[in-house]
Amino acid sequence: NFHKIIQKFRKIKWGFETRLDLLNINILDKLYSVGLRAIKVGVENASMRRLIEHGRVPPDLKHAFDIISHCNKIGIRSNACYIIGFPDETKKDIKETIKLAKKINTTFANFFILTPLPGTNFGDNENIITDRLWEHRDNFHLVFEHKNFKSNQIRKLQRKALCSYYFRPKFLLNYFRS
């Protein structure tokens with residue numbers, strides 16, 4: 001019986017990675033009742049146009065706010081992943097993504113440097129790759145010729161994104177409260 005299994009394992013706390021469009025408040029409430037305490041989702045970038053151009057499915061931002069707000073309310077920790085360094089992205093664009101991350105206000109946030117991987121719209125264009133070391137295709141290295149940034153500049157912006165997210169009063173207050 002499914003209900004007996006749920007009762008037996010209710011004490012297990014767990015998390016998973018999912019897409020925001022697969023969640024709603026009812027699903028979150030049910031999953032919380034059987035131990036869900038953490039989710040990881042991809043918001044990816046503040047520019048919906050840019051996401052579409054690169055074959056990504058942009059999230060419905062109102063839905064993202066509603067889902068994360070509900071997670072915060074019921075005690076599910078959330079981690080959102082963001083991508084910086086799209087080929088035409090500027091410093092201003094990256095600041096918009098950081099601003100969006102702060103507004104959505106997940107428990108944690110990751111800021112990754114765009115990494116072209118085989119099998120993706122961007123990654124199948126091997127002509128743009130300037131760094132052929134596979135160990136650098138890790139979301140922390142710029143491995144292609146970027147229109148606006150050198151590798152050290154984008155890494156600096158990545159650190160700035162992380163620092164400005166985690167060293168803001170709202171985050172620190174929530175962190176020390178929990």
Side-chain angles (χ1 to χ4, degrees), residues 15-21 23 28 37-117 120 122-123 128 130-131 135-178:
F16 70 112
E17 185 172 341
T18 187
R19 290 174 28 161
L20 283 163
D21 61 338
L23 297 173
L28 284 172
R37 294 299 181 271
I39 62 169
K40 185 175 187 177
V41 296
V43 176
E44 297 190 348
N45 198 276
S47 171
M48 299 302 113
R49 173 198 56 82
R50 189 170 284 117
L51 291 173
I52 291 167
E53 283 175 2
H54 286 274
R56 310 301 296 169
V57 177
D60 173 334
L61 293 180
K62 183 188 179 327
H63 182 70
F65 291 122
D66 293 344
I67 291 298
I68 298 307
S69 176
H70 190 69
C71 286
N72 291 341
K73 182 176 138 190
I74 66 174
I76 296 174
R77 291 177 177 253
S78 54
N79 183 346
C81 299
Y82 298 90
I83 300 171
I84 61 171
F86 282 92
D88 63 338
E89 207 164 25
T90 65
K91 200 175 209 178
K92 182 182 176 200
D93 296 326
I94 291 172
K95 286 180 180 180
E96 286 300 311
T97 296
I98 297 167
K99 187 174 158 183
L100 174 64
K102 291 175 183 178
K103 188 174 179 183
I104 292 176
N105 195 39
T106 50
T107 314
F108 303 100
N110 297 103
F111 295 89
F112 296 119
I113 296 170
L114 179 68
T115 302
L117 295 172
T120 64
F122 187 49
I128 62 163
T130 57
D131 182 341
E135 57 267 24
H136 287 174
R137 295 206 189 180
D138 59 1
N139 298 329
F140 297 98
H141 290 86
L142 185 64
V143 297
F144 64 94
E145 186 73 37
H146 197 283
K147 178 179 168 185
N148 298 311
F149 303 112
K150 300 279 184 234
S151 184
N152 64 331
Q153 293 171 314
I154 197 77
R155 295 229 10 199
K156 188 175 180 180
L157 286 166
Q158 182 185 38
R159 283 191 300 274
K160 183 178 181 173
L162 289 164
C163 288
S164 70
Y165 190 86
Y166 288 107
F167 292 108
R168 62 193 164 104
K170 190 172 188 176
F171 175 83
L172 293 170
L173 211 73
N174 287 335
Y175 180 80
F176 288 114
R177 220 183 298 173
S178 54

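These figures come from a predicted structure and were not determined experimentally. Only this structure's heavy atoms are used, side chains among them; waters, hydrogens and symmetry mates stay out.
Around atom CZ of F16, more than 12 heavy atoms belonging to other residues, nucleotides or ligands sit under 6.0 Å away. Applying the 6.0 Å contact sphere to NZ of K160 captures no more than 12 heavy atoms from other residues, nucleotides or ligands.
Using a 4.5 Å cut-off on side-chain heavy atoms (C-beta onward), I84 and E89 make contact. Counting heavy atoms from C-beta outward, F171 and T107 have side chains that stay 4.5 Å or more apart. The side-chain heavy atoms of S164 and K102, taken from C-beta on, include a pair separated by under 4.5 Å. The shortest distance between side-chain heavy atoms of L117 and R137 falls below 4.5 Å. Between L157 and K91, some side-chain heavy-atom pair lies under the 4.5 Å cut-off. Inter-residue side-chain proximity for I154 and I94 is flagged as met; some heavy-atom pair is nearer than 4.5 Å. Considering only heavy atoms from C-beta on, P87 comes within 4.5 Å of H54 through its side chain. Annotation: side chain of I52 is in contact with side chain of P58 (closest heavy-atom distance under 4.5 Å).
Note: Q158 CD to F112 CZ = 8.5 Å, rounded to the nearest 0.5 Å. A distance of 10.0 Å separates CD1 in I67 from CG in D60, rounded to the nearest 0.5 Å. To the nearest 0.5 Å, atoms CD1 (I39) and CZ (R19) are separated by 13.5 Å. A distance of 4.0 Å separates CD of E44 from CD1 of I83, quoted to the nearest 0.5 Å. From C163, atom SG reaches atom NZ of K156 across 11.5 Å, with rounding to the nearest 0.5 Å. Of the inter-residue distances, the one linking M48 atom CE with R56 atom CZ reads 12.0 Å to the nearest 0.5 angstrom.
Nearest heavy-atom pair across N148 and Q153 is O-OE1, 4.1 Å. When all heavy atoms are compared, the tightest approach of G42 to L20 is O-CD1, 4.3 Å. Residue L162 comes nearest to A109 through the heavy atom pair CD2-O, 3.9 Å, listed as atom of the first residue, atom of the second, then distance. The heavy-atom pair separating F144 from G85 by the smallest distance is CZ-O, 3.2 Å. Residues C71 and L28 share a closest heavy-atom pair of SG-CD1, 3.8 Å.
Judged by distance alone, the side chain of H141 and the main-chain N or O of E135 form no donor-acceptor pair under 3.5 Å. Looking only at distances, a side-chain donor or acceptor of H146 sits under 3.5 Å from a matching main-chain atom of F86. Without hydrogens or angle criteria, D66 side chain to H63 main chain gives no donor-acceptor distance under 3.5 Å. For the pair N45 (side chain) and L51 (backbone), a donor-acceptor distance under 3.5 Å is absent.
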Original post:
After noting the C-alpha distance and the side-chain angles of N79 and V41, does the key distance pass the side chain to side chain contact (heavy atoms under 4.5 Å, CB included) rule?
Top reply: CA-CA 6 Å; N79 183 346; V41 296; over 6 Å; no
**OP:** Decide yes or no on side chain to side chain contact (heavy atoms under 4.5 Å, CB included) for F65 and I104, but give the supporting numbers first.
**Re:** CA-CA 6 Å; F65 291 122; I104 292 176; 3.2 Å; yes
**OP:** Please step through salt bridge (Lys or Arg N to Asp or Glu O under 4.0 Å) for the pair E96 and K92, ending with a clear verdict.
**Re:** CA-CA 6 Å; E96 286 300 311; K92 182 182 176 200; over 6 Å; no
Original post:
Between V143 and T130, does a side chain to side chain contact (heavy atoms under 4.5 Å, CB included) hold up when you go through it step by step?
Top reply: CA-CA 6 Å; V143 297; T130 57; 5.6 Å; no
Original post:
Going through the checks in order, is the side chain to side chain contact (heavy atoms under 4.5 Å, CB included) test met by L142 and N152?
Top reply: CA-CA 8 Å; L142 185 64; N152 64 331; over 6 Å; no
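Remark: the T115 side chain and the N139 side chain contain an N/O donor-acceptor pair separated by less than 3.5 Å. Between the side chains of T106 and Y165, a donor-acceptor pair is found at a separation under 3.5 Å. Using modelled atom types and a 3.5 Å distance limit, the side chains of N72 and S69 yield no donor-acceptor pair.
At least one test fails for R168 against the ring of Y166: distance under 6.0 Å to the centre or angle within 45° of the axis.
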